[in-house]
Amino acid sequence: MKTDCKHYKFINSQTGNTIYYHSVEGKLKEAEIREELEKIKAQVAIQNSLYLDIIYWEEIKGQQ
């Protein structure tokens, strides 16, 4: 059985570069998705020695 996932990319707003990709189960509630993405955002900031405020995520549309 195939589960639907939402795909996101994390972007450095200063450079416009995508620095990380992450998938989340589509069956999660919006608040749960946001919570997971915030945790991933913090990990990405730490791993890349960046300020948390310059990283944002965007859903990748059109993925099958």
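Position 1 is the first residue of the sequence; numbering continues from there. In this text the structure is predicted, and so the values were computed from the model without any measurement.
Applying the side-chain hydrogen bond (donor to acceptor under 3.5 Å, both in side chains) test to every pair with at least one member in residues 28-53, sequence neighbours left out, gives these pairs: H22-E36.
A heavy-atom distance below 4.5 Å is not found between the side chains of W57 and I40.
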Side chains of residues 9-20: which donor-acceptor partners sit under 3.5 Å, not counting sequence neighbours?
{"residue": "N12", "atom": "OD1", "partner": "Q14", "partner atom": "N", "Å": "2.8"}
{"residue": "N12", "atom": "OD1", "partner": "T15", "partner atom": "N", "Å": "3.4"}
{"residue": "S13", "atom": "OG", "partner": "I54", "partner atom": "O", "Å": "2.9"}
{"residue": "T15", "atom": "OG1", "partner": "N17", "partner atom": "N", "Å": "3.2"}
{"residue": "T15", "atom": "OG1", "partner": "N17", "partner atom": "ND2", "Å": "3.4"}

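Remark: L37 CG to Y8 OH distance equals 5.5 Å, nearest 0.5 Å.
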